[in-house]
Amino acid sequence: MPVVLVLSPVVVLAVLGAVVACHLYRIDVVRALGTGWRIVCALPGTRVDMEYSRTAVLVAIR
């Protein structure tokens, strides 16, 4: 739970940035945010493995 509270301001800024970008590119804000929400809801269970040289990163979304 504490991580969510720490990231809350970042989420608010990201949404505001998305709204501004939608207005700049003349994209429907409601449709764009709805599509983004559907993508976020589909992420649980996703695993992303990245490897570069001797460094490897595994991101697992629960």
Side-chain angles (χ1 to χ4, degrees):
M1 187 68 163
V3 174
V4 174
L5 295 176
V6 172
L7 293 178
S8 294
V10 176
V11 172
V12 171
L13 289 175
V15 170
L16 289 175
V19 169
V20 169
C22 286
H23 282 295
L24 287 175
Y25 290 102
R26 295 189 173 113
I27 298 172
D28 182 22
V29 176
V30 175
R31 191 170 194 184
L33 292 177
T35 301
W37 180 251
R38 290 178 69 187
I39 291 171
V40 168
C41 289
L43 287 176
T46 301
R47 279 184 56 164
V48 178
D49 297 317
M50 293 180 279
E51 188 174 333
Y52 179 74
S53 187
R54 297 184 328 189
T55 305
V57 176
L58 167 64
V59 178
I61 301 172
R62 295 179 186 224

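Keep in mind that what you see is a predicted model, and the values were worked out from it rather than measured.
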Co-members of Ile27 in a cluster of I, L, V, M, F, W and Y side chains, linked at under 4.5 Å: Val20, Leu24, Tyr25

Stepwise side-chain contact (heavy atoms from CB on, under 4.5 Å) check, Thr46 with Val59: CA-CA 8 Å; Thr46 301; Val59 178; over 6 Å; no

Supply the atom-to-atom distance Met50 CE to Leu58 CG, rounded to the nearest 0.5 angstrom.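 One finds 9.0 Å between CE of Met50 and CG of Leu58.
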
Roughly how far apart are Arg38 CZ and Leu43 CG, rounded to 0.5 Å?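 Those atoms lie 13.0 Å apart.
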
Is Leu13 reachable from Val15 through a run of I, L, V, M, F, W or Y residues, each pair having side-chain heavy atoms under 4.5 Å apart?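 Hydrophobic grouping puts Val15 apart from Leu13.
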
Within the structure provided, determine whether Val48 and Ile61 are in side-chain contact (heavy-atom separation under 4.5 Å).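 Not touching, per the 4.5 Å side-chain cut-off.
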
What pair of heavy atoms forms the shortest contact from Ala60 to Arg47, and how long is it? CB-CG, 4.3 Å

